[in-house]
Trainee: 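Got a structure here, written out as structure tokens. Questions coming.
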Amino acid sequence: AQSVSQHNHHVILSEAASLELGCNYSYGGTVNLFWYVQYPGQHLQLLLKYFSGDPLVKGIKGFEAEFIKSKFSFNLRKPSVQWSDTAEYFCAVNAWGFQKLVFGTGTRLLVSP
Amino acid sequence: NAGVTQTPKFQVLKTGQSMTLQCAQDMNHEYMSWYRQDPGMGLRLIHYSVGAGITDQGEVPNGYNVSRSTTEDFPLRLLSAAPSQTSVYFCASSQREGAFEQYFGPGTRLTVT
């Protein structure tokens, strides 16, 4: 069965600090990878996605993620966080041929001004 | 387009009561799904549907029923509510084929006392 691990459950940063959130998945075949963000009191919104091609993908609001197939990882990065990035971030995986999206447990990011 | 809509936004039930959470989408998506979100557990798939008349169980289906009579609607029924079903429920939809990018509704916060 597919699974997704997000190792950082809570992250606290100051504004302008750099961010990297880890995501690892367990599935040996081809995958589609996603990062979703949930701002306080809101529903999930897509931050970025990887289907194929360039393993470095850029999303909205300056976020990017790198797919490293050999490490089964899809880490999320942002060079300089803002207070408005305070949210919960979810990594998700869809294995080709499986009509399900499997989510990690999420990482709560708090950015202090 | 309204996207994915859910009603109600909030609901309080007593143990043993039944109710239906409504979900509708206007994007002509074949795939629809229900998740529950609990602290520290991320999103867990309850039931999903790949098209009208076709439904299947997800990770945590017990205590919930679904049906899909139209492409647009995918209601979730709680047969006999239990305190363990206190959660935030999200409905999502996507194209059945391809990238499997899901679009989420605003959620229903359910409390069972």
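Residue numbers begin at 1 in each chain, while the letters A, B, ... track the order of the sequences.
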Trainee: Less than 4.5 Å to any heavy atom of chain A: does that hold for the side chain of B:Leu43, its backbone, both, or neither?
Mentor: both

Trainee: If Ile, Leu, Val, Met, Phe, Trp and Tyr residues are connected whenever their side-chain heavy atoms lie under 4.5 Å apart, and connections chain through other members, are B:Tyr48 and A:Phe103 in the same group?
Mentor: yes

Trainee: Any sub-3.5 Å donor-acceptor pair from A:Asn32's side-chain atoms to A:Lys49's backbone N or O?
Mentor: no

Trainee: Can you say whether A:Gln38 sits under 4.5 Å from chain B via the side chain, the backbone, both, or neither, judging by heavy atoms?
Mentor: side chain

Trainee: Tell me, side chain or backbone of A:Glu88 under 4.5 Å from chain B's heavy atoms, or both, or neither?
Mentor: side chain

Trainee: Among A:Arg77, A:Lys61, A:Lys78, which residue satisfies the salt bridge (charged side-chain N to carboxylate O under 4.0 Å, His left out) criterion with A:Asp85?
Mentor: A:Lys78

Trainee: Checking heavy atoms, do the side chain of B:Gln6, its backbone, both or neither come under 4.5 Å from chain A?
Mentor: neither

Trainee: Tell me, side chain or backbone of A:Leu44 under 4.5 Å from chain B's heavy atoms, or both, or neither?
Mentor: both

Trainee: Provide the closest heavy-atom pair for A:Ala95 versus A:Tyr27 in the form atom of the first, atom of the second, distance.
Mentor: CB-CE2, 3.4 Å

Trainee: Could you tell me whether the side chain of B:Gln95 and the main chain of B:Glu101 form a donor-acceptor pair under 3.5 Å?
Mentor: no

